[in-house]
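In what follows, a structure is listed as structure tokens, so that the remarks can point back to it.
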Number of protein chains: 2
Amino acid sequence: MKKQQVQEFNYLDQQPCFKLYLASKTVIQAYGPLLKSLGLTYPQYLVMVVLWETEPLAVKDLGARLHLDSGTLSPLLKKLQDKKFVEKDRSKDDERSVLISLTAAGRKLKEKAYGVQSDIRAGICLHDEKLKELTEMLDSFTEGFLNR
Amino acid sequence: MKKQQVQEFNYLDQQPCFKLYLASKTVIQAYGPLLKSLGLTYPQYLVMVVLWETEPLAVKDLGARLHLDSGTLSPLLKKLQDKKFVEKDRSKDDERSVLISLTAAGRKLKEKAYGVQSDIRAGICLHDEKLKELTEMLDSFTEGFLNR
DNA sequence: GGCAATTAAATTGTGCGCAATTTAATTTTA
DNA sequence: TAAAATTAAATTGCGCACAATTTAATTGCC
């Protein structure tokens, strides 16, 4: 009996946006256990990454860097504050603005974070060159939707 | 005066995973207003996409396709049920299993969804070939983390 | 057949993510 | 300069996403 063509027309698997969504979820899950040893979630880690670069930083500027609004950042920053990784102070120049700065513990966490980054990099099954291509495509992908 | 090199060492912007996360969030936001006219959120739309392919389907199988567990799907399916897009029935073969099927309204929604897909495709600033490359890289990216 | 282990959904609890609103401070402008 | 408009955070409300637990049905094993 002739083998029947069972190629299922798989609409979902032709959706690039689903693949993006899945890739993002999957890698964030991979970060999970690594970051847990630092006491951070992935979004909290992203905030720390930004602060390790530049500090202090207003909530507004943090949001601009991470594409997150105060609705997300306010409770998240409260958690980082409770963990004694960051401090909040009202700006003297502009009393509306809240400046986020690192505590000593928060600054120290950066060292441990290198290990997380290298673990994740090791898990990515793409050469440096391919990975660069990927990030460039992601950039133009994102930019296309942001500038509409 | 010689222009100073102000190239900021931007750690965040060197993180492929952040770019992935940002791209995913951004495109889901782009879907938002389009899907709103169908009365769906993006995750709800994904469930419908799967059901438009194959139906009825157990919650477990839906979860396997979308990489979502019952903790996410149960309340989501209840919402789709409230909107009269899907129906739930306990399987007769296995009373533990709940089969999800489409209503007439749910099936009809598929036509409108073509417009959403073409709008999104139009927003993606990548040629077909580049887009194919991207999805293939995303596949190997995801697969690398899933099979660890 | 009967008990243990497994499986499928649902539920509970926590943490984003974002729209919309609120509050307070600052800037614009009439 | 006083009122209106804008801006920065916080808050509220809703919908995922996932870990962990619970409940009920099925399967495995003796």
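Letters go in sequence order (proteins before strands), and every chain restarts at 1.
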Is the closest side-chain heavy-atom distance between [X] and [Y] below 4.5 Å?
{"X": "K110(A)", "Y": "M48(A)", "answer": "no"}
{"X": "L51(A)", "Y": "I100(A)", "answer": "yes"}
{"X": "I120(A)", "Y": "F145(B)", "answer": "yes"}
{"X": "D139(B)", "Y": "K19(A)", "answer": "yes"}

Gap between atoms [atom1] and [atom2], on [X] and [N] respectively (whole Å):
{"X": "K60(A)", "N": "dA25(C)", "atom1": "NZ", "atom2": "C1'", "answer": "14 Å"}
{"X": "L66(B)", "N": "dC16(D)", "atom1": "CG", "atom2": "P", "answer": "12 Å"}
{"X": "K25(A)", "N": "dC16(D)", "atom1": "NZ", "atom2": "C1'", "answer": "10 Å"}
{"X": "L68(B)", "N": "dC18(D)", "atom1": "CG", "atom2": "P", "answer": "6 Å"}
{"X": "K36(B)", "N": "dC18(C)", "atom1": "NZ", "atom2": "C1'", "answer": "11 Å"}
{"X": "F145(A)", "N": "dC18(C)", "atom1": "CZ", "atom2": "P", "answer": "15 Å"}
{"X": "I28(B)", "N": "dG15(D)", "atom1": "CD1", "atom2": "C1'", "answer": "12 Å"}
{"X": "L35(A)", "N": "dG15(C)", "atom1": "CG", "atom2": "P", "answer": "15 Å"}

[X] side chain N/O closer than 4.0 Å to the phosphate oxygens (OP1, OP2) of [N]?
{"X": "Q44(B)", "N": "dG15(D)", "result": "no"}
{"X": "Y42(A)", "N": "dG15(C)", "result": "no"}
{"X": "Q29(A)", "N": "dC18(D)", "result": "yes"}
{"X": "Y21(B)", "N": "dC16(C)", "result": "no"}

Quiz item: Where each residue is assigned the nucleotide of DNA chain D containing its nearest heavy atom, which of T26(A) and V59(A) is assigned the position nearer the 5′ end?
Solution: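 Result of the comparison: V59(A).
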Quiz item: So which heavy atom on Q44(A) is nearest to which on L40(A), and how close?
Solution: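 Residues Q44(A) and L40(A), closest heavy atoms: OE1-CA, 3.6 Å.
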Quiz item: What is the nucleic acid contact for S70(B), judged by heavy atoms within less than 4.0 Å: base, sugar-phosphate only, or nothing?
Solution: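 Base, at least one base heavy atom under 4.0 Å.
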Practice problem: Mind listing the residues from residues 71-99 of chain B sitting with a heavy atom below 4.0 Å of DNA chain C? Number order is fine. | Solution: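 Of all residues in residues 71-99 of chain B, the ones placing a heavy atom under 4.0 Å from DNA chain C are G71(B), S74(B), K78(B), K88(B), R96(B), S97(B), V98(B).
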Quiz item: Hey, is D128(B) close enough to R121(B) for a salt bridge, meaning N to O under 4.0 Å?
Solution: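 Yes, D128(B) and R121(B) are salt-bridged.
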Quiz item: Do Q117(A) and Y11(B) meet the criterion of a side-chain donor-acceptor pair at a distance under 3.5 Å?
Solution: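 Judged by distance alone, the side chains do not pair up.
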